[in-house]
Structures are given as structure tokens and as C-alpha cells.
Amino acid sequence: MVSLLCVGIVAGVGGAASADAASTYSQLAQPSWAPPSWLFGPVWTVLYILMAIAAWRIWRTEPTFGNRAIVLYGAQLLLNLLWSPLFFGLEQRGWALVDIIALDALVVATIVAFWFRDRLAAILLTPYLAWSLFATALNYSVWSLNS
């Protein structure tokens, strides 16, 4: 399944870029509401599975790469892929913030595009949007506290 392969690649790159994330994360000044580092892996696993299912459902409605909803999905997946290397690998937390804000906008656009094709697919992306918005606030806070 191509949708699982795509999120698998993003997860793999993110994992490789954040191999030392737990130690880096624990050394950063964080807001009091920051989750523990062990929580990110399980949350992202669930989110990537939901994303893959949603993309698969949309692909079935129009199995072409010209499918606008799939193009938006691919664009947001690319920004997702860039975030971990920016934040952890390059320690460019300000650029990671720019990336995740653009990601949030593309996730909203993707959900809207999915909604018109398959409402369940759109609903499956809402936890991803919620987590991305939370991650945006966390990224901003960590960047502010460590600048």
C-alpha cells in the first residue's frame, strides 16, 4: 500500500533525524505543559496509521497523482518530513516553527479537500491536525525559551 509506504518514509526520516531527540528534548527549556519524550513515538504511530488510511480512502476516489486532495496530502507530508531534521538535526527551531505553521495550513486545506471526497477520510485527519497545532504551540514555546 503506497500510503503506508509514504508515511513509513516520513516516519523513518523523522526517526533518523531525531535519533537523539529524547536527550536533546530533555536538555531544552520547556513549558510546564510539555509532554514527556516517550509519548511522541506512540502518538505519531497512531497518527501515521490514521493518515495512511485516510490517504488510501481518497486515492480510491480518484487514483491519479493529479487528484488535488492527494497533491495537498503530499505537500503536507513533505513539510512533516522536514520538521524533525530542522528541529532536532539542524537545531533550527525557528525554521521548524515556520515549517510547522505552513504544515498546519496545509493540513487544514487537506482536510477540507478530503471532506468533499470522503468525510471519514477527513475525520481521520482531525487528530493529526489537533496534534500538529499542539506541536506548533510547543515548538513556539521551546524556541522562545531557548533563544
Side-chain angles (χ1 to χ4, degrees), residues 1-59 65 67-115 117-147:
M1 190 149 38
V2 173
S3 58
L4 278 174
L5 178 64
C6 290
V7 296
I9 290 169
V10 170
V13 169
S18 56
D20 295 327
S23 66
T24 302
Y25 183 71
S26 67
Q27 293 173 2
L28 294 169
Q30 301 173 27
S32 60
W33 46 270
S37 61
W38 62 263
L39 183 63
F40 291 93
V43 167
W44 276 111
T45 299
V46 170
L47 293 176
Y48 282 138
I49 291 168
L50 294 175
M51 290 165 62
I53 294 168
W56 171 73
R57 292 180 62 89
I58 295 302
W59 179 260
F65 290 106
N67 179 333
R68 183 176 177 272
I70 292 296
V71 169
L72 286 168
Y73 178 81
Q76 68 78 29
L77 205 57
L78 179 62
L79 290 179
N80 182 311
L81 177 108
L82 293 174
W83 187 87
S84 289
L86 285 170
F87 190 89
F88 290 111
L90 299 173
E91 297 184 8
Q92 294 293 314
R93 293 177 184 87
W95 284 111
L97 180 61
V98 170
D99 175 79
I100 201 169
I101 290 169
L103 171 65
D104 294 337
L106 276 174
V107 172
V108 169
T110 303
I111 289 171
V112 170
F114 277 27
W115 184 262
R117 293 178 182 271
D118 182 326
R119 290 187 176 173
L120 178 57
I123 291 166
L124 290 172
L125 290 184
T126 58
Y128 174 43
L129 176 61
W131 185 258
S132 291
L133 292 171
F134 173 76
T136 302
L138 183 59
N139 188 155
Y140 174 76
S141 295
V142 169
W143 174 65
S144 296
L145 291 170
N146 293 279
S147 292

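This is a predicted model, so every value here is computed, not measured. Note that these values count all heavy atoms, side chains included, but never hydrogens, waters or copies made by symmetry.
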Note to self: Quick one, L138 with W33, criterion side chain to side chain contact (heavy atoms under 4.5 Å, CB included). Give me CA distance, side-chain angles, the key distance, then yes/no.
What the structure shows: CA-CA 9 Å; L138 183 59; W33 46 270; 3.9 Å; yes
Item checked: From CA spacing to verdict: side chain to side chain contact (heavy atoms under 4.5 Å, CB included), W143, Y140 -> CA-CA 5 Å; W143 174 65; Y140 174 76; 3.9 Å; yes
Next item on the list: Show your working on side chain to side chain contact (heavy atoms under 4.5 Å, CB included) between N67 and I58 and close with a plain yes or no.
Entry: CA-CA 9 Å; N67 179 333; I58 295 302; 3.9 Å; yes
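Considering every non-hydrogen atom in both S23 and S26, the closest pair reads O-OG, 2.9 Å. Scanning both residues, A55 and I70, for their nearest heavy atoms gives O-CD1, 3.9 Å. The shortest non-hydrogen separation linking D118 to L120 is OD1-N, 3.0 Å.
Using a 4.5 Å cut-off on side-chain heavy atoms (C-beta onward), L124 and M51 make no contact. A heavy-atom distance below 4.5 Å is found between the side chains of F87 and N139. Residues S132 and L47 fail the side-chain proximity criterion, which asks for heavy atoms closer than 4.5 Å. Taking the side chain as every heavy atom from C-beta outward, Y73 and F114 approach each other to under 4.5 Å. With a 4.5 Å cut-off on side-chain heavy atoms, P127 and V46 do not count as touching.
Taking the centre of each ring, F40 and W44 stay at or above the 6.0 Å mark. For an aromatic pair to be called close, the ring centres must be under 6.0 Å apart, and W131 with Y128 fails this.
A donor-acceptor pair under 3.5 Å links the side-chain atoms of Q30 to the main chain of Y25, judged by distance alone.
Note that CG of L28 and OG of S141 are 12.0 Å apart. Values are rounded to the nearest 0.5 Å. Taking CG from L125 and CZ from R57, the interatomic distance works out to 11.5 Å, rounded to the nearest 0.5 Å. Interatomic distance, CD1 of I100 versus CG of L82, reported as 12.0 Å (0.5 Å rounding). Going from atom CG of L103 over to atom CD of Q76 covers 6.0 Å, rounded to the nearest 0.5 Å.
Every residue two or more places apart in sequence or in another chain was checked for a side chain to side chain donor-acceptor pair (under 3.5 Å) with N146, and none qualifies. Take W38 and apply the ring-ring contact (aromatic ring centres under 6.0 Å, His included) test, not counting sequence neighbours, and it matches no residue.
In summary, of the residues considered (V98, L106, I101), a side chain to side chain contact (heavy atoms under 4.5 Å, CB included) with L79 occurs for L106 alone.
Applying the side chain to side chain donor-acceptor pair (under 3.5 Å) definition to pairs two or more places apart or across chains, those involving residues 88-115 are D104-T136.
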